[in-house]
There are 2 protein chains.
Amino acid sequence: MANSTEPTACVDRLKVLADATRLAVVESLMAGPQRVGVLMDRLHVEQSLLSHHLKVLREAGLVDTERDGKAVVYRLADYVKTDSAGQAINLGCCRLSFTP
Amino acid sequence: MANSTEPTACVDRLKVLADATRLAVVESLMAGPQRVGVLMDRLHVEQSLLSHHLKVLREAGLVDTERDGKAVVYRLADYVKTDSAGQAINLGCCRLSFTP
DNA sequence: CATTCATATGAACGTTGGTTTATGTTGTCT
DNA sequence: AGACAACATAAACCAACGTTCATATGAATG
């Protein structure tokens, strides 16, 4: 019931990542765009469940989609992908880097 | 009910931060150790509720406590505090930086 | 030692959120 | 057009989580 006019708080974006499946999706997409079927195989998640989580990522603006025939290709949103070198994602409010 | 022998997953640590109150506590503690009473005033959170959230942060190992008379002082755990300059926290599995 | 201050704990409640099952939609191929 | 493949959506269920209220603990002070 979040008002679409008010900007998403940092907490809400963290909530999106605070799920095993969604975090795995994001980390997997850091390697490049991927089709849903590939994500299913790599993450061992049921189709419907994965689709639900992808919807959350979409609505949070963390990922974008593109059709490729029957398949749908998911990729990290442009603003999310940060510096070329690091394994990091940009949430706008904060940055997450996975390189210790 | 997490088995204490197995290491905490990155997701679990993110879950801890994915709450408005707890994130506010951590951000507030980045400025230095603080007593519970001070956190109550600054964050406008009821005593009991704050205490519950502090417990979650404690059990996650993100904060440490120290007695100061009747009061209890909370501070970020040593490994959490990262580089001197940046407003960043280290979760072990990943780093969160709040400087765009 | 009784009281008060500062914080923690326990239980009960309501809501959110992840999972499952079933069905719908969109595209492709023959 | 029919059939299949790839993915999305809807509804229902259950568990986890945040919140509240009541009570307990521990330290200090008279």
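Throughout, a chain's letter reflects where its sequence line sits, starting with A, and its residues are numbered from 1.
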Any A:Y74 side-chain N or O less than 4.0 Å from OP1/OP2 of D:dA6: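 No, outside the criterion.
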Side-chain N,O (B:R22) to OP1/OP2 (D:dC17) below 4.0 Å: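 Negative; the distance criterion is not met.
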Value in whole Å for how far the C1' atom of D:dA8 lies from CG of A:L54: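 One finds 10 Å between C1' of D:dA8 and CG of A:L54, rounded.
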Length of the line joining B:E59:CD and C:dA8:P, which is rounded to integer Å: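 Answer to the nearest Å: 12 Å.
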Nucleic acid contacts - residues 45-53 of chain B versus DNA chain D, non-hydrogen atoms under 4.0 Å: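 B:S48, B:L49, B:H52, B:H53, in order of number.
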Quick one: does any side-chain atom of [X] pair with a main-chain N or O of [Y] as donor and acceptor, under 3.5 Å?
| X | Y | result |
| --- | --- | --- |
| A:R35 | A:G37 | no |
| B:R58 | B:G61 | no |
| B:E66 | B:V72 | no |

Degree of bending in the helix from C:dC1-D:dG30 to C:dT30-D:dA1 once both end axes are built from five pairs, to 10°: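 The end-segment axes of the helix from C:dC1-D:dG30 to C:dT30-D:dA1 are tilted 10° relative to each other.
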Smallest separation among heavy atoms of A:K81 and A:L76, with atom names: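 Where A:K81 meets A:L76 most closely, the heavy atoms are CG-CB, 3.8 Å.
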B:Y79 versus B:N90, closest heavy-atom pair with distance: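 Answer, listing the atom of B:Y79 first, then B:N90: O-CB, 3.4 Å.
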Gap between atom CG of B:L43 and atom CG of B:L49 - 0.5 Å precision: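 Spacing of CG (B:L49) from CG (B:L43) equals 10.5 Å.
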Side-chain heavy-atom pair B:R22, B:V16 within 4.5 angstrom cut-off: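 Yes - at least one pair of side-chain heavy atoms lies under 4.5 Å apart.
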Sub-4.0 Å heavy-atom contacts from residues 32-42 of chain A onto DNA chain C, ordered by number: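 Under 4.0 Å from DNA chain C: no residue of residues 32-42 of chain A.
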CA sep, side-chain torsions, deciding dist, call: B:V26, B:L57, side chain to side chain contact (heavy atoms under 4.5 Å, CB included): CA-CA 9 Å; B:V26 169; B:L57 289 169; 4.0 Å; yes
